[in-house]
**Q** 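My structure is below; once you've seen it, I'll send some questions.
Being a predicted model, the structure only gives us computed values, none of them experimental. Whatever order the structure lists them in is the order used to number ligands and atoms, beginning at 1.
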Amino acid sequence: MALPDKVKIVEVAPRDGLQNEKTFIETATKIELVNRLADAGISNVEAASFVSPKWVPQMADGTQVMEGIRRREGTLFSALTPNMRGFDDALAAEADEVVIFGAASEAFSQKNINCSIAESIARFEPVAEAAHNAGIRLRGSISCALDCPYDGPTDPSTVADVVRRMLDLGCDEIDIADTIGTGTPLRVERVMKTVTELADAGTFSGHFHDTYGQAIANIYAAMQAGISIFHSSVAGLGGCPYAKGATGNVASEDVVYLMHGMGIQTGIDLDMLVDTGQWIAAQLGRRADSRAGNALAARKS
Ligand code: HMG
Ligand code: MG
């Protein structure tokens with residue numbers, strides 16, 4: 001399949017990137033990160049997570065983050081909402097999109113959200129209905145779409161089952177997530193081909209963690225299967241607290257470098273993105289985990 005002319009990048013550093021940080025990050029730093037990313041031209045920023053603060057203490061200040069960020073015409077700010085409590089908080093905080101997150105593996109579903117896949121869908125039903133009634137965009141995320149850290153490889157048909165249920169809930173967009181970054185391009189292509197038989201390819205995104213260094217190749221494979229929405233995290237920040245050893249999402253700087261190098265539009269100012277990656281890495285006291293970002297920053301200095 002021909003490669004797309006343009007792609008949508010969903011920036012997940014403020015949520016997926018920071019949720020695993022052990023030391024609490026100041027709310028002001030989180031707000032500045034979101035603002036800088038939006039200023040760089042990112043049209044969809046995952047800005048907060050309305051989950052239990054006992055489970056993920058780092059995300060406890062979601063309301064303050066959403067209240068503090070600068071809203072911009074044309075930029076969507078999304079928030080994770082595992083249940084009605086999370087949805088109500090996200091609605092009050094004026095999230096533009098809410099994200100229900102399930103899994104294609106029973107063990108991960110239990111570890112991450114403390115219920116089975118079937119129970120999670122039942123929990124999402126009222127959230128989906130409330131989102132539709134409130135006119136808010138609904139996204140569904142499917143973890144362990146390639147492999148599960150507990151259950152091993154995931155069959156694409158199992159991913160398709162969860163996709164069907166998320167489509168029934170009325171999801172506008174569905175994330176196919178490689179939570180532990182073990183997927184390789186041909187498997188990615190296979191799962192994307194399987195799910196795009198169920199809905200238009202524009203419904204699906206690739207959310208690839210880069211633990212095994214496969215994410216850029218996986219993005220390329222997904223594009224060949226018609227996918228044109230990708231999640232990435234500036235400076236490669238991140239990891240899931242319920243997937244031990246899983247590192248961050250693919251670095252946004254690397255993805256934008258890839259796209260621009262192939263003449264694919266992103267609407268993002270790579271220079272500003274690189275500066276943001278270097279800035280947040282300095283705030284966290286470490287080197288940015290982006291090859292392109294660090295190379296471009298070195299050239300500038
Ligand atoms: P539970 O313990 O089964 O549910 O948690 P509960 O209803 O019994 O609630 C337990 C306590 O949490 C109660 O407080 C609730 O009030 C409170 P207590 O009475 O003990 O004081 N609570 C909440 N507080 C604030 N906001 C809420 C909320 N809900 C309950 N929304 C629950 C179930 C889903 C809440 C829990 O398991 C949870 O919060 N899990 C979050 C896990 C998480 O955030 N994981 C990381 C994000 S997913 C991810 O990273 C994967 C992704 O990137 C894709 C990929 O890479 O795979 C998206
Ligand atoms: Mg993730």
Side-chain angles (χ1 to χ4, degrees), residues 10-21 46-63 66 78-93 95 97-105 107-117 119-124 126-127 130 139-151 154 159 162 166 171 173-183 191 204-212 215 218 229-233 236-252:
V10 179
E11 173 59 60
V12 297
R15 196 281 303 170
D16 208 337
L18 298 186
Q19 69 181 10
N20 215 20
E21 290 293 325
E46 208 167 84
S49 186
F50 292 99
V51 297
S52 166
K54 285 187 188 143
W55 284 63
V56 187
Q58 186 62 255
M59 294 283 103
D61 57 352
T63 297
M66 293 298 285
S78 314
L80 263 58
T81 55
N83 51 22
M84 277 310 290
R85 164 80 190 276
F87 176 81
D88 290 340
D89 289 350
L91 184 68
E97 178 185 68
V98 294
V99 184
I100 49 178
F101 52 103
S105 108
F108 190 80
S109 183
Q110 289 290 352
K111 296 270 186 201
N112 196 39
I113 50 174
N114 207 21
C115 62
S116 69
I117 296 172
E119 283 163 347
S120 74
I121 299 297
R123 245 187 226 175
F124 298 152
V127 177
R139 171 147 63 83
S141 177
I142 305 178
S143 287
C144 301
L146 275 303
D147 293 300
C148 169
Y150 312 103
D151 286 347
T154 306
V159 181
V162 185
M166 292 217 166
C171 286
E173 206 166 294
I174 298 175
D175 311 327
I176 304 300
D178 185 4
T179 311
I180 54 173
T182 46
V191 70
F204 300 99
S205 76
H207 174 110
F208 302 127
H209 284 260
D210 202 22
T211 318
Y212 287 76
N218 288 342
I229 308 173
F230 296 100
H231 292 198
S232 62
S233 177
L237 300 179
C240 177
Y242 302 101
K244 275 207 167 42
T247 61
N249 296 83
V250 60
S252 304

**Q** Among Val191, Ile142, Asp178, Val159, which residue satisfies the side-chain contact (heavy atoms from CB on, under 4.5 Å) criterion with Thr154?
**A**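 The option that passes is Val159.
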**Q** Can you confirm whether more than 12 heavy atoms, excluding those of Tyr150, are under 6.0 Å from its OH atom?
**A** yes
**Q** Compile the protein residues with any heavy atom at a distance under 4.0 Å from an atom of ligand 1; present them by chain, then by number.
**A**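 These residues qualify: Arg15, Asp16, Gln19, Phe50, Val51, Ser52, Pro53, Lys54, Trp55, Val56, Leu80, Pro82, Asn83, Arg85, Gly86, Phe101, Asn112, Ile113, Asn114, Arg123, Ser141, Ser143, Ala177, Thr179, His207, His209, Cys240, Tyr242.
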**Q** Report the residues that fulfil salt bridge (Lys or Arg N to Asp or Glu O under 4.0 Å) with Glu46, sequence neighbours left out, ordered by chain and then residue number.
**A** Arg15, Arg139
**Q** I'd like to know if the side chain of Asp16 pairs up with that of His231 as donor and acceptor (distance under 3.5 Å, no hydrogens or angles considered).
**A**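 Asp16 vs His231: no donor-acceptor pair found between side chains.
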**Q** In Asp16, what N, O or S atom is nearest to the Mg ion (ligand 2), if we give its atom name?
**A**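 The Asp16 atom nearest to the Mg ion (ligand 2), restricting to N, O or S, is OD2.
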**Q** Taking Ser233's backbone N and O only, do any of them form a donor-acceptor pair with Asn249's side chain (distance below 3.5 Å, no angle check)?
**A** no
**Q** For residues Asp175 and Ser205, is any side-chain donor paired with an opposing acceptor at under 3.5 Å?
**A**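 Yes, Ser205 and Asp175 have a side-chain donor paired with an acceptor closer than 3.5 Å.
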**Q** Rounded to the nearest 0.5 Å, what separates atom CD in Glu11 from atom OG in Ser78?
**A**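 Rounded to the nearest 0.5 Å, the CD-OG separation comes out at 11.5 Å.
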**Q** Closer than 2.8 Å to the Mg ion (ligand 2): does that hold for any N, O or S atom in His231?
**A** no
